[in-house]
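We name chains A, B, ... by the order of the sequence lines, and we start the count at 1 in each one.
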There are 2 protein chains.
Amino acid sequence: MLGDVVAAKDIFHGAVRTALEKDGWLVTHDPLYLKSDDVEFYIDLGAERILGAEKDGQKIAVEIKSFLGASEVTDFHLALGQMLNYRFALTQEDPTRVLYLAISQDTYEAFFARQFTQKVIAEYRVNLLIFNPLIEEIVLWKE
Amino acid sequence: MLGDVVAAKDIFHGAVRTALEKDGWLVTHDPLYLKSDDVEFYIDLGAERILGAEKDGQKIAVEIKSFLGASEVTDFHLALGQMLNYRFALTQEDPTRVLYLAISQDTYEAFFARQFTQKVIAEYRVNLLIFNPLIEEIVLWKE
């Protein structure tokens, strides 16, 4: 685990951006600002930045989560809540854009391999984008 | 706003506990430990403690959120994610216990009065318990 969570967030963000570009996506928004009714998500200081990208007429939004906080469970609460709030905002403001939660392969094979995490991800239909931060490539899209 | 968020969390926690007792509830768990499959929520260091209470055969769990962080939006992401994870754990482990999100009257009348917040609360059927932290009384149960 990297000592500096802020630096790690930036590294993961850059890795996902590069991985998307290698996969033929055009990154159109970095960050993607979301606003819904009377809540503006760009004032969401604690959150990691969202990417907006397009490929062959498909539009996606990617929420990148490093899972490098003091507690994976707390990181998962935050990731899930943010995901559902963003998705709700997108259904109102940009309904054809599909939201993905980007997590590293390490996180996918550890915390996201747990029974509870898998059930919650299925229950709330969270789309995952699994990436390898070292080689900066997409490993799996999981819907 | 109080300068010391940790102290404020403890004050809010005590206020909700007292408010429940004044309303005739027996606080049976403080904190209420939740475990589901292979995730234990008591290792959830970043989160505020949950209360368990009973009255006339009804069982509730109360997640208390102070909304005193740097960003109300981030606090809301965390509150929503935690709520949905706890609720999912309860459906498996203690299905008759009903989960409430406890927020202060100030938070209810400001951030929770926004259109977006109201829509998300309705969408995910989040039960609210609104309390007054000064007089330590329940103001409203909203389901």
Using only non-hydrogen atoms and a strict under-4.5 angstrom cutoff, which residues of residues 127-143 of chain B touch chain A?
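Under the 4.5 Å heavy-atom cut-off, nothing qualifies.
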
Listed by chain and number, what are the salt bridge (charged side-chain N to carboxylate O under 4.0 Å, His left out) partners of B/E21, not counting sequence neighbours?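 Only B/R17 meet the salt bridge (charged side-chain N to carboxylate O under 4.0 Å, His left out) criterion with B/E21.
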
What residue in A/F88, A/F111, A/Y124 has the most heavy-atom pairs under 4.5 Å with chain B?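 The option with the most such pairs is A/F88.
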
With a 4.5 angstrom heavy-atom cut-off, which part of [X] approaches chain B: side chain, backbone, both or neither?
X      : result
A/E123 : side chain
A/A79  : neither
A/E72  : neither

_Between A/V120 and B/L84, is the side-chain contact (heavy atoms from CB on, under 4.5 Å) condition met? List the steps._
CA-CA 9 Å; A/V120 169; B/L84 297 183; over 6 Å; no

### Heavy-atom closest contact (B/S36 atom, A/F116 atom, distance)
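Looking at all heavy atoms of both residues, the closest pair is OG-CD1, 3.2 Å.
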
Next on the checklist: Looking at every heavy atom in both B/Q82 and A/H77, which two are closest together, and how far apart are they?
Outcome noted: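 For B/Q82 and A/H77, the tightest heavy-atom pair comes out as CA-ND1, 3.4 Å.
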
Report task. Quick one: list whatever passes side chain to side chain donor-acceptor pair (under 3.5 Å) with A/K35, sequence neighbours left out. Result ->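 Here no residue qualifies.
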
According to side chain to side chain donor-acceptor pair (under 3.5 Å), who are the partners of A/H29, at least two apart in sequence or on a separate chain?
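If we apply the side chain to side chain donor-acceptor pair (under 3.5 Å) test to A/H29, skipping adjacent residues, there are no hits.
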
* Of the options B/N85, B/L80, B/L78, which is the one that meets A/L80 in a side-chain contact (heavy atoms from CB on, under 4.5 Å)? ->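 With A/L80 as partner, side-chain contact (heavy atoms from CB on, under 4.5 Å) holds for just one option, B/N85.
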
